[in-house]
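My structure is below; once you've seen it, I'll send some questions.
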Amino acid sequence: MIELKSEREIKMMHEAGKMLACCHQEIRKIIKPGIATLEIDKFVEDYLANRNASPEQKGYLGYKYATCASVNDQICHGFPNSKPLQDGDIVTIDFVVNLNGALADSAWTYSVGNISAEAKRLLQITKESMYKGIEQAQAGSRLGDIGHAIQTCVKTAGFSIVRDFCGHGIGRTIHEDPVVLHYGKPGKGLRLQEGMVITIEPMVNTGTWQCQIDRNGWTARTVDGTLSAQYEHTIAITANGPLILTEQ
């Protein structure tokens, strides 16, 4: 069941999203070779606590951390750990902010020191594909329009779009209807309505799109050991077009 959000609810989610975006900007400043993802996780938890907010995914289905920190071949749901990041790594930091009961969700892939030309292009295309999808998030359009725009961008670049994970509705809980695929056919799927709030969060691999799950039951990684990146925004569907809630 899809719950349409009121202007007041969207405004509250926007406030949570702006805080999330500010936190990502601070994360960018501290990521460098030698820092551990557990240190980043603590930074995020402290940052939110100091602003009367909390990381919504901590405790979600038993998840123990404030963030997901996925390094190199990890696609998503990587566990923060004490291993120092190395020069040339890429790391996706994904988290959900709860501010006064309103949620916002956003992920960004960061470069650690000097990364390869292939990694730079992967980050560029992944971010570009997300914004191509956002452009299609118009009232009256269909979910397939979003997926097709993302898939076309990624495929044209010679990369692959992950199919095992998707975007979603968000509101009072992290995951709500509808499911937002990052591939599809234009003109197909659910019609978007004003008041819907969704995430658009393509995960893109340099190799094959297939994934495997680690023994921890959470972390997904590429089956061929190639790099993976992700960018995510929370979007409100409005009469004036898509409103990105997770930008400053």
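Since the structure is predicted, the reported quantities are computational estimates derived from the model, not experimental observations. Nothing fancy with the numbering, it's 1 onward along the sequence.
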Consider only side-chain heavy atoms of I, L, V, M, F, W and Y, link residues closer than 4.5 Å, and tell whether V204 and M130 are in one cluster.
yes
> Just wondering, are more than 12 heavy atoms of other shown residues or ligands nearer than 6.0 Å to CD in Q248?
Replying inline: yes
Quiz prompt | Within-4.5 Å side-chain heavy-atom neighbours: I27 and T67 | solution = no
Sorted by chain and residue number, the side-chain hydrogen bond (donor to acceptor under 3.5 Å, both in side chains) partners of D46 (sequence neighbours excluded) come out as K42
Residues at least two apart in sequence or cross-chain that pass side-chain hydrogen bond (donor to acceptor under 3.5 Å, both in side chains) with S6, listed by chain then number, are E9
Notebook entry, point to check: What is the ring orientation for W218 with F79, classed by angle as parallel under 30°, tilted 30 to 60°, or perpendicular over 60°?
Noted result: tilted
For residues 178-193, the side chain to side chain donor-acceptor pair (under 3.5 Å) pairs (sequence neighbours left out) are none
inquiry  = When you measure from the side chain of T37 to the backbone of N81, do you find a donor-acceptor pair of N or O atoms at a distance under 3.5 Å?
reply    = yes
Parallel, tilted or perpendicular: which describes the rings of Y63 and Y65, with under 30° parallel and over 60° perpendicular?
-> perpendicular
Give a yes or no answer on whether the side chain of H24 reaches the backbone of S106 with a donor-acceptor pair at less than 3.5 Å. yes
Checking the side chain of Y231 only, and the main-chain atoms of P202 only, is there a donor and an acceptor separated by less than 3.5 Å? no
Does D105 use its side chain to pair, donor to acceptor, with the backbone of T234 at less than 3.5 Å? no
Q. So if you build clusters from Ile, Leu, Val, Met, Phe, Trp, Tyr with side-chain heavy-atom gaps below 4.5 Å, do V223 and F159 land together?
A. no
Original post:
Counting distance only, does the side-chain N/O of D177 pair as donor-acceptor with the main-chain N or O of I2 below 3.5 Å?
Top reply: no
Do the ring planes of F165 and H77 sit parallel (below 30°), tilted (30 to 60°) or perpendicular (above 60°)? perpendicular
### Task
Examine I93 and F43 and state if one hydrophobic cluster contains both, with Ile, Leu, Val, Met, Phe, Trp and Tyr joined whenever side-chain heavy atoms are less than 4.5 Å apart.
yes
Contacts of K29 meeting salt bridge (Lys or Arg N to Asp or Glu O under 4.0 Å) (sequence neighbours excluded), chain-then-number -> E26
**Study point:** Any donor-acceptor N/O pair, D224 side chain to T208 backbone, under 3.5 Å
**Key:** yes
Margin query: With a 3.5 Å distance limit and no angle check, can you tell me whether T156 reaches the backbone of T152 through a side-chain donor-acceptor pair?
Written below: yes
Residues at least two apart in sequence or cross-chain that pass salt bridge (Lys or Arg N to Asp or Glu O under 4.0 Å) with E45, listed by chain then number, are K58
Requested in this report: Treating Ile, Leu, Val, Met, Phe, Trp and Tyr as nodes and any side-chain heavy-atom pair under 4.5 angstrom as an edge, say whether M203 and V154 lie in one connected cluster.
Outcome: no
Applying side-chain hydrogen bond (donor to acceptor under 3.5 Å, both in side chains) to N216 and not counting sequence neighbours gives T219
side-chain contact (heavy atoms from CB on, under 4.5 Å) filter on A236, not counting sequence neighbours, yields I10, V197, T238, L243, L245
Atom CZ of residue position R51 - does it have more than 12 heavy atoms of other residues, nucleotides or ligands inside 6.0 Å?
yes
Is there side-chain contact between K11 and R8, with heavy atoms separated by less than 4.5 Å? no
Q.
Any heavy-atom pair between the side chains of C23 and V44 that's under 4.5 Å?
A. yes
*Does the side chain of L38 reach to within under 4.5 Å of the side chain of P80, using non-hydrogen atoms?*
yes
*Does Q136 reach the main-chain N or O of D145 with its side chain, forming a donor-acceptor pair under 3.5 Å?*
no
Verify same cluster id: M196, I174 (apolar side-chain graph, 4.5 Å)
no
Contacts of Y131 meeting ring-ring contact (aromatic ring centres under 6.0 Å, His included) (sequence neighbours excluded), chain-then-number -> H233
By salt bridge (Lys or Arg N to Asp or Glu O under 4.0 Å), K127 pairs with (sequence neighbours left out) none
Could you list the donor-acceptor pairs under 3.5 angstrom formed by side chains in residues 12-20, with sequence neighbours left out?
unit_1	atom_1	unit_2	atom_2	d
E15	OE2	K18	NZ	2.9

Quick check against the 3.5 Å criterion: does T126 have a side-chain atom that pairs as donor or acceptor with the backbone of Q230?
no
Across all chains, not counting sequence neighbours, the side-chain hydrogen bond (donor to acceptor under 3.5 Å, both in side chains) partners of R221 are D73, D214
Residues passing the salt bridge (Lys or Arg N to Asp or Glu O under 4.0 Å) test with E176, sequence neighbours excluded, are K5
